[in-house]
Amino acid sequence: MPGSAIEIENLTKEYPFGFLHLRKKTSLEGLNMQVETGEVFGFIGPNGAGKSTTIKLLMGLIFPTAGNARILGKPISDVEMHRDIGYLPEQPYFYDYLTAAEVLDYFARFHDLTAADRKERVQRMLKKVGLETAGKIQLRKYSKGMLQRVGLAQAILHDPKLVILDEPMSGLDPVGRREVRDIILELKRDGKTVMFSTHILSDAEVLCDRVGVIVGGKLRGVGAPGQMVDMKTQGMEIVFELPAGSNAPLLSKVTKMGERYRLQVPEEELYAAIEQLRGAGARIHSVTQVKATLEEFFMNLVEADRAQAAAVEVNGK
Amino acid sequence: MRRAGIVALNTFREAVRDRVLYSLVFFALLMMVAAIVVGQISIGIEESVIVSLGLSAISVIGLLISIFLGVALVSKEMEKRTLFALLAKPVRRWEFLLGKFGGLVLTLAVNTAAMALGLLLVMLYVKHTLERSDAVVLVAVYFILLKLALIVALALLFSCYTTPLLAILFTAGLYIVGLYVQELRNLPVDVMNPGTAAFTKWLSYLLPNFENFNVMALAAHGRAVPGALILQNTLYAVIYCSMVLTAASVVFSRRNLK
Ligand SMILES: Nc1ncnc2c1ncn2[C@@H]1O[C@H](COP(=O)(O)OP(=O)(O)OP(=O)(O)O)[C@@H](O)[C@H]1O
Ligand SMILES: [Mg+2]
C-alpha cells in the first residue's frame with residue numbers, strides 16, 4: 001500500500017498558563033511531517049522538545065490548537081482508525097489491580113477477538129516481551145521495566161498496521177532494549193509502520209529508515225540518519241608526536257593526549273597543516289576522517305536553540 | 001454500547017478487588033446488633049425501627065460509595081494515566097464514561113441488593129414472618145438505588161472538570177440541596193420580584209430532587225407506595241441521569257489529558 005501512514009499538517013499545540021490563562025506556551029509549532037507506510041521512523045529531540053505532545057495529539061489524547069493530521073488516511077478524530085494502530089504511552093501505567101494477562105485480555109476485548117483468540121494472543125505477547133512467568137502477578141507488584149514491557153505487549157497485541165511508541169526503550173535493561181529493537185525490526189519485516197520517539201541516538205541510527213529531529217517544538221530536519229550526518233562538514237584528525245623542545249605554529253589548536261598530540265582541521269586545510277607539521281619536525285601517526293555522528297548533529301541543533309532562546313530573552317527585556 | 005459494557009465489567013471488577021463489598025460486613029454487623037437490641041425492648045415498634053434503621057444504613061453506605069467512587073471513576077484514570085492506553089483503543093470517550101457509570105451502578109445494585117436481602121432476613125428474625133406488605137421495603141430500596149445512580153452521574157460530571165476534592169464537595173453539597181428542593185418550589189413566589197421568582201423556579205427544576213425518592217416513612221409502617229410514584233421516579237432518574245451524563249460527555253470529550 002503506497003502513501004503515507006501519518007500525514008501531519010501545520011500541527012500546533014499551545015498550553016495556556018499564568019494568570020487567567022492569558023499567556024501561552026507553545027509546545028509544538030506548525031509541525032509538517034510524513035511517516036511513510038512500511039518505514040521505521042525515529043522521532044528524536046531533547047527533553048521538552050514536543051515529542052510526546054506530537055504523539056498525544058496523533059492519538060487524540062489532547063487536541064491541537066491549529067493544524068491537523070491524518071493516520072492511515074483517516075482524520076485523527078476518527079476513533080475507529082484505532083483498530084489498526086498500537087500505542088505505547090510514555091511511562092505507561094495500567095490498572096494495578098489486574099494481572100498482566102488480565103490487562104492484555106481487557107484491551108483485546110475492544111478489538112472484537114474471540115475468547116480463544118484472545119487467550120492465545122495474550123500468551124504469545126507475554127512470551128514475546130519476556131513476561132511469561134509474571135503473567136499472573138498483579139501489576140502493582142511490577143517494576144518499571146516490567147510495566148514498560150506490558151505497555152509494549154498491549155501496543156502490538158491486535159496486530160496493528162501502525163505502531164506508535166513513545167520512548168519504548170526507557171526503563172529497560174540492556175537485554176530488554178535489545179528485545180525491543182528486535183520487535184521493531186520484526187514489525188518492519190512484517191510490513192508494519194513504526195514511529196517511535198527516543199533520546200537514544202544510537203538506537204535511532206541503527207533502527208530507523210528516517211529520523212525527524214525536533215527541538216523547542218519545531219522540526220529541525222528529517223531524513224535518513226546517514227544523510228543528516230552529511231549535513232555537517234566533516235573534518236580530518238591528525239595524530240602526531242613532536243621532538244622534545246620544538247614548537248609547532250598550529251599548536252594553539254592542538255590537544256595533548258599523553259605523549260601524542262591531536263589536531264582537527266577542515267578537510268581542505270589538511271595538506272597545509274601537514275606541511276606545517278613537517279616543518280616543525282613532527283612525526284605523524286595517523287590521519288583519519290572524522291565522521292560527524294547523529295549525536296553531534298543533534299547537539300549542535302540543541303545548542304543553537306539554547307543560544308537563540310537566550311538571545312530572545314535578552315532582547316525581550 | 002458493547003464497548004461501554006466492557007468498561008463497565010472492568011469497573012465492577014475493580015470495585016470488587018478494592019473490597020467495596022466489605023461494606024456488607026459492616027451492614028451485617030450493624031443489623032445484627034440492632035436486631036438483638038430491638039428484640040429486647042419489644043413493644044410492637046420493632047419492625048418500624050428495624051426498617052428505618054436498615055433503609056438508612058443502606059442509603060448512607062450507598063451514598064458514601066457513590067460519592068467517593070463516583071468521583072474517582074474518571075479522575076483516578078486520568079491521574080494514574082491508565083486512560084492513555086485505553087483511549088488509544090477503538091473506544092469513544094462517551095463510551096468510556098457510560099461504561100464507568102454503568103460499572104459503578106452495577107456495583108451499587110449488587111451491594112444494595114445484598115443489603116436488602118439482609119434487611120429482610122432481620123425482619124423475618126424479629127417478626128418471625130414476612131407479609132406481602134413488606135414488599136414496600138423493596139420499593140424503598142429500589143428508590144435508594146435510583147437516587148444513588150443520580151449521585152454517581154453528578155459525581156462523574158463534576159470530576160470531569162474539577163479536582164477530586166472539589167468534586168466530592170460539590171456532589172455532597174448538591175445531594176443535601178436536593179433533599180430540600182421541594183421547599184424551594186413551595187416558596188411564596190408571588191411576594192418576590194419577578195426576576196427572583198423566575199430564577200428560583202428555574203433553579204428548583206435544574207437541581208436534582210431527591211425528596212420523592214424517600215419513602216422511608218411509608219415503608220416503616222408497611223404502607224404501599226403508589227405505582228404512579230414508582231413510574232415517575234424511574235422516569236425522573238433515567239432522564240436526569242441521561243442529561244447529566246450527556247453534559248459530562250461534552251466536557252470530557254474536549255478535555256486534554258495531562
Ligand atoms: N499539560 C501541559 N501543560 C503545560 N505545558 C505542557 C503540558 N504538557 C507538556 N507541556 C510542555 O510542552 C513541552 C513539550 O513537552 P513534551 O512532553 O512533548 O516533551 P518531550 O519531547 O516528550 O520530552 P521528554 O523527552 O522529556 O519526554 C514541554 O515544554 C512541556 O513543559
Ligand atoms: Mg516525552
Side-chain angles (χ1 to χ4, degrees), chain A residues 13-16 27 52-53 55-65 71 77-99 102-112 138-140 147 150-155 157-158 160 162-164 166, chain B residues 1-22 69 72-100 102-104 106-107 160-162 249-258:
Chain A
K13 179 67 184 173
E14 290 170 350
Y15 283 109
S27 294
S52 300
T53 302
I55 291 177
K56 281 175 0 191
L57 285 165
L58 290 176
M59 296 310 302
L61 298 170
I62 55 178
F63 302 99
T65 315
I71 296 183
S77 55
D78 180 1
V79 170
E80 297 305 324
M81 157 273 284
H82 287 188
R83 285 176 190 291
D84 294 322
I85 59 183
Y87 165 56
L88 168 70
E90 186 175 33
Q91 296 164 15
Y93 197 80
F94 304 99
Y95 306 99
D96 55 14
Y97 51 91
L98 298 182
T99 67
E102 283 170 338
V103 157
L104 294 182
D105 182 75
Y106 175 53
F107 287 144
R109 279 169 198 265
F110 293 101
H111 291 287
D112 305 320
Q138 283 198 356
L139 293 185
R140 65 175 96 240
L147 281 176
V150 177
L152 201 65
Q154 60 84 33
L157 176 71
H158 51 291
L162 165 68
V163 183
I164 300 179
D166 200 348
Chain B
M1 264 309 191
R2 207 183 57 80
R3 299 162 182 171
I6 302 171
V7 176
L9 284 181
N10 190 49
T11 307
F12 179 69
R13 176 162 61 175
E14 172 176 11
V16 172
R17 295 208 179 161
D18 278 349
R19 304 188 174 85
V20 167
L21 301 184
Y22 278 25
L69 261 60
L73 281 178
V74 174
S75 53
K76 198 166 130 199
E77 292 230 12
M78 288 205 281
E79 209 166 295
K80 293 201 162 181
R81 291 179 298 110
T82 46
L83 250 184
F84 282 30
L86 181 62
L87 290 183
K89 304 287 175 283
V91 190
R92 293 193 187 79
R93 291 197 179 188
W94 67 263
E95 291 172 322
F96 165 75
L97 277 191
L98 188 62
K100 280 282 166 184
L104 187 50
L106 177 66
T107 312
C160 282
Y161 68 89
T162 180
S249 295
V250 170
V251 175
F252 187 59
S253 295
R254 297 173 183 184
R255 175 137 188 184
N256 285 306
L257 299 182
K258 284 285 143 74

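This structure is a prediction, so every number in the text was calculated from the model and none was measured.
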### Task
For chain B, find which of A:Val103, A:Ile164, A:Asp112 contributes the most heavy-atom pairs closer than 4.5 angstrom.
A:Asp112

### Task
Determine the option with the most heavy-atom pairs under 4.5 angstrom with chain B, choosing from A:His158, A:Met81, A:Gln138, A:Lys13.
A:Lys13

### Query
Roughly how far, to the nearest 0.5 Å, is the NZ atom of A:Lys56 from the CG atom of B:Leu257?
8.0 Å

### Query
For the atom pair CG (B:Asn10) and CZ (A:Phe107), what is the distance rounded to the nearest 0.5 Å?
8.5 Å

### Query
If every non-hydrogen atom of A:His111 is compared with every non-hydrogen atom of B:Pro90, which pair is closest and at what distance?
CE1-CD, 3.4 Å

### Summary
Nearest heavy-atom approach of B:Lys80 to A:Tyr93 is O-CB, 3.4 Å

Side chains of [X] and [Y]: closer than 4.5 Å at any heavy-atom pair?
X	Y	result
B:Phe84	A:Tyr87	yes
A:Tyr95	B:Glu77	yes
A:Pro89	B:Arg81	no
A:Gln154	B:Lys89	yes
B:Leu9	A:Arg109	no
B:Val91	A:His82	no
A:Phe110	B:Leu86	yes

### Task
Check for a donor-acceptor pair, side chain of B:Asn256 on one end and backbone N or O of A:Leu61 on the other, with a separation under 3.5 Å.
no

### Task
Check whether A:Gln91 gets within reach of chain B through its side chain, its backbone, both or neither, counting any heavy atom under 4.5 Å.
both

### Message
Heavy-atom cut-off 4.5 Å, strictly under: side chain, backbone, both or neither for B:Arg254 against chain A?
### Response
backbone

### Task
Let me know if B:Arg255 has heavy atoms under 4.5 Å from chain A in its side chain, its backbone, both or neither.
backbone

### Query
Under the side-chain contact (heavy atoms from CB on, under 4.5 Å) test, which residues partner A:Ala108, sequence neighbours left out?
A:Leu113, A:Arg118, A:Leu157

### Query
Of all the residues in residues 11-20 of chain B, which have a heavy atom that comes within less than 4.5 Å of a heavy atom in chain A?
B:Arg13, B:Glu14, B:Arg17

